[in-house]
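Order of listing sets the numbers, starting from 1, for every ligand and every atom in it.
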Amino acid sequence: MNWHVADDPEEFRAFLGEWLKEHAPKALWNTVSTPFQGHWGGTKTPFPSDDHAAWYRTCLPLGLTAPAWPKRYGGAELSIAHARVWSRALQDRELPLPLVGFGLVMIGPILLAEGSEALKDEHLPKIVRGDIRWCQGYSEPDAGSDLANLRTRAERDGDDFIVNGQKIWTSHAERADWIFCLVRTSTEGRKQAGITFLLIDMTSPGITVRPIELISGASPFCEVFFEDVRVPASNVVGAENRGWGVAKALLQHERTVVGESIAAGGARPPELNDYTLRTHALEQIGRGDDGRLADHGIRDAIIQSEMDMAVMKLAVRQANEKLEKGQHPGTVSSVLKLAGTELNQRRWELAGQIGGLDAAGWDGDAFSARDKALSRHMLRSRGNTIEGGTSEVQKNIVAGAVLKLPKGS
Ligand SMILES: Cc1cc2nc3c(=O)[nH]c(=O)nc-3n(C[C@H](O)[C@H](O)[C@H](O)COP(=O)(O)OP(=O)(O)OC[C@H]3O[C@@H](n4cnc5c(N)ncnc54)[C@H](O)[C@@H]3O)c2cc1C
């Protein structure tokens with residue numbers, strides 16, 4: 001069956017149903033469909049499986065790793081409506097995107113909207129192909145929620161900047177090829193006014209990456225140190241000292257994608273692919289005389305969770321329908337992020353409550369692989385409400401920018 005994009009999105013939807021049956025590897029059906037789980041690309045991250053590699057190779061020549069991006073960069077140049085049909089088709093079947101990562105959903109949209117032609121030509125094709133993997137250099141030891149407090153300095157030296165300072169909590173910096181970074185280029189005026197958005201090659205001399213080992217034994221975060229790192233001034237996105245607006249626009253994309261990802265079922269380990277609260281509860285608690293789940297408190301909580309999820313899906317769909325090509329999502333991103341991550345956290349806490357002691361399993365043979373995955377995933381869901389700006393920060397944004405409440409109310 002040859003690839004074909006019908007003008008009518010409904011016709012395209014019907015075509016995709018058949019096309020996916022023929023071309024998407026069977027082992028990937030009913031797994032996940034989020035922008036943060038799948039093949040991340042880059043020079044240091046192998047394909048998660050041969051099926052992921054085959055799926056990527058099928059989609060790449062058709063531009064489907066970046067369906068709405070211009071063909072000149074390797075995208076499929078689909079209309080927004082057609083691109084939505086494509087992503088919904090994958091989500092409905094829980095098929096992974098052919099390529100995932102910060103390049104496609106965070107720095108890519110920013111370069112498309114704000115990047116110089118030279119930066120677009122250099123980076124967008126590599127993002128579409130997944131040649132390079134990106135990480136995000138925003139947070140610093142004294143700049144998290146108060147991001148504008150950042151101190152990593154970039155001083156002009158001819159056509160270059162010389163960068164000195166430190167980033168922290170940089171997710172998977174050890175696997176990244178490039179970092180998009182906020183640096184201080186001026187201390188004049190408001191804190192926000194002296195920030196520049198800079199792209200830095202991670203192989204530049206003077207960069208040291210140190211993984212941070214967590215209590216779980218995993219090291220998904222790093223510290224990144226910059227010591228006299230020379231970066232071409234042409235790597236600035238936007239203009240010098242005007243990076244704050246670019247940084248906020250990128251966060252809007254990040255927050256929207258986090259909300260969308262949760263509405264699509266959320267990233268999760270393979271052990272939880274078939275997981276549902278209902279079957280777990282029936283298995284742990286059993287049915288009462290009336291044939292329903294015996295614990296009515298848990299029953300109510302499951303129903304509430306399913307209703308919240310249905311509302312979340314609708315909210316994401318509605319927000320998406322309003323978004324035009326090339327636009328930044330705006331403050332609705334904070335609503336989606338706040339609602340989605342809090343909901344996700346409640347959902348996995350409920351899973352832990354249903355599992356009881358079994359869901360406290362961490363290691364060893366006494367617990368099933370699913371229960372161990374569940375306890376780890378439940379704890380990871382707490383990170384959702386912190387990364388990309390905490391829930392409190394989202395509430396402040398919603399209070400000010402959406403509800404227009406006066407400061408301090
Ligand atoms: C899983 C994960 C991945 C991450 N990945 C990255 C990454 O790749 N790159 C990167 O740059 N950073 C990353 N971070 C860091 C993240 O952006 C910061 O942790 C976050 O912005 C909070 O900053 P902080 O940790 O310094 O906490 P703080 O800012 O010190 O906040 C501490 C507490 O105070 C509250 N608080 C602070 N200010 C206010 C206020 N004005 N009003 C109300 N409450 C307030 C916060 O909500 C929080 O509960 C990641 C974090 C996590 C958990």
Side-chain angles (χ1 to χ4, degrees), residues 34-37 40 42 45 100-103 105-107 110 133-152 163 165-184 191-192 195 197-200 202 207 209-216 218-226 243-244 246-248 250-255 257-258 261-262 266-268 333-334 337-338 340-342 344-345 348 376-401 405 407-409:
T34 89
F36 296 127
Q37 203 169 347
W40 280 76
T45 316
V100 299
F102 293 5
V105 294
M106 285 156 68
I107 184 64
I110 293 300
R133 179 169 172 168
W134 288 85
C135 63
Q136 178 181 34
Y138 275 31
S139 306
E140 297 184 6
D142 288 321
S145 303
D146 186 9
L147 184 58
N149 201 38
L150 62 95
R151 298 214 172 104
T152 295
V163 180
Q166 184 202 342
K167 297 290 169 182
I168 195 168
W169 311 124
T170 321
S171 297
H172 290 305
E174 86 289 7
R175 296 192 196 158
D177 303 292
W178 279 70
I179 182 166
F180 49 88
C181 223
L182 298 180
V183 292
R184 180 153 302 286
K191 292 191 283 193
Q192 289 82 353
I195 292 172
F197 194 106
L198 197 58
L199 309 181
I200 306 180
M202 293 291 278
I207 297 186
V209 174
R210 278 199 211 133
I212 303 170
E213 192 171 321
L214 303 184
I215 195 169
S216 64
S219 300
F221 302 120
C222 299
E223 292 175 294
V224 182
F225 297 89
F226 300 87
W244 186 244
V246 183
K248 285 199 298 182
L250 185 137
L251 284 171
Q252 291 173 1
H253 286 277
E254 177 177 5
R255 290 166 184 162
V257 162
V258 168
S261 169
I262 288 164
R268 58 186 186 269
S333 56
S334 290
K337 205 257 171 187
L338 175 65
T341 55
E342 292 286 336
N344 198 43
Q345 197 168 301
W348 290 108
R376 284 165 192 265
H377 198 60
M378 177 176 64
L379 291 180
R380 176 62 184 81
S381 71
R382 303 203 134 250
N384 291 151
T385 56
I386 302 171
E387 60 198 320
T390 65
S391 286
E392 290 75 18
V393 166
Q394 306 318 310
K395 283 180 188 165
N396 284 344
I397 294 172
V398 172
L405 297 177
K407 272 211 164 107
S409 55

Shortest protein contact, [atom] (heavy atom only):
atom: atom 3 (C) of ligand 1; value: Phe221 CE2, 3.2 Å
atom: atom 49 (O) of ligand 1; value: Glu392 OE1, 3.6 Å
atom: atom 22 (C) of ligand 1; value: Thr390 CG2, 3.8 Å
atom: atom 9 (N) of ligand 1; value: Gln136 O, 2.8 Å
atom: atom 52 (C) of ligand 1; value: Glu387 CB, 3.6 Å
atom: atom 6 (C) of ligand 1; value: Trp169 O, 2.7 Å
atom: atom 40 (C) of ligand 1; value: Asn396 ND2, 3.6 Å
atom: atom 8 (O) of ligand 1; value: Ser171 N, 2.9 Å

What pair of heavy atoms forms the shortest contact from [X] to [Y], and how long is it?
X: Leu182; Y: Gly243; value: CD2-O, 4.4 Å
X: Asp142; Y: Asn149; value: O-ND2, 2.9 Å
X: Thr34; Y: Ala267; value: CG2-N, 3.5 Å
X: Val398; Y: Ser334; value: CG2-CB, 4.1 Å
X: Pro141; Y: Gln166; value: CG-OE1, 3.6 Å
X: Cys222; Y: Pro211; value: SG-CA, 3.9 Å

With heavy atoms and a 4.0 Å threshold, my read on which part of Ile386 contacts ligand 1 is both
*asked:* Checking Phe225 now: which residues fulfil ring pair (Phe, Tyr, Trp, His ring centres under 6.0 Å) with it, not counting sequence neighbours?
replied: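 For Phe225, no residue satisfies ring pair (Phe, Tyr, Trp, His ring centres under 6.0 Å) once neighbours in sequence are set aside.
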Can you confirm whether something in the protein, heavy atoms only, sits under 4.0 Å from [atom]?
atom: atom 20 (C) of ligand 1; value: yes
atom: atom 43 (C) of ligand 1; value: yes
atom: atom 12 (N) of ligand 1; value: yes
atom: atom 32 (C) of ligand 1; value: no

Ranking Ser145, Gly144, Ala143, Ser139 by closest non-hydrogen atom to atom 28 (P) of ligand 1, top hit is Ser145
- Do the ring planes of Phe197 and Phe180 sit parallel (below 30°), tilted (30 to 60°) or perpendicular (above 60°)?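 Parallel: the ring planes of Phe197 and Phe180 meet at under 30°.
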Practice prompt. Can you tell me which residue pairs pass the salt bridge (charged side-chain N to carboxylate O under 4.0 Å, His left out) test with a partner in residues 380-397, sequence neighbours excluded?
Written response: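 Those involving residues 380-397 are Glu349-Arg382, Arg380-Glu387.
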In ligand 1, the atoms that come under 4.0 Å of a heavy atom of Tyr138 are 11 (O)
Atoms of ligand 1 under 4.0 Å from any heavy atom of Gly383, numbered from 1 in the order shown, are 53 (C)
- Message: Using 0.5 Å steps for rounding, measure from the NZ atom of Lys337 to the CD atom of Gln252.
- Response: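 Rounded to the nearest 0.5 Å, the NZ-CD separation comes to 14.0 Å.
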query = Quick one: does Arg380 get within less than 4.0 Å of ligand 1, heavy atoms only?
reply =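 A heavy atom of Arg380 does come that close to ligand 1.
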Notebook entry, point to check: Is it the case that more than 12 heavy atoms not belonging to Arg210 sit under 6.0 Å from its CZ atom?
Noted result: no
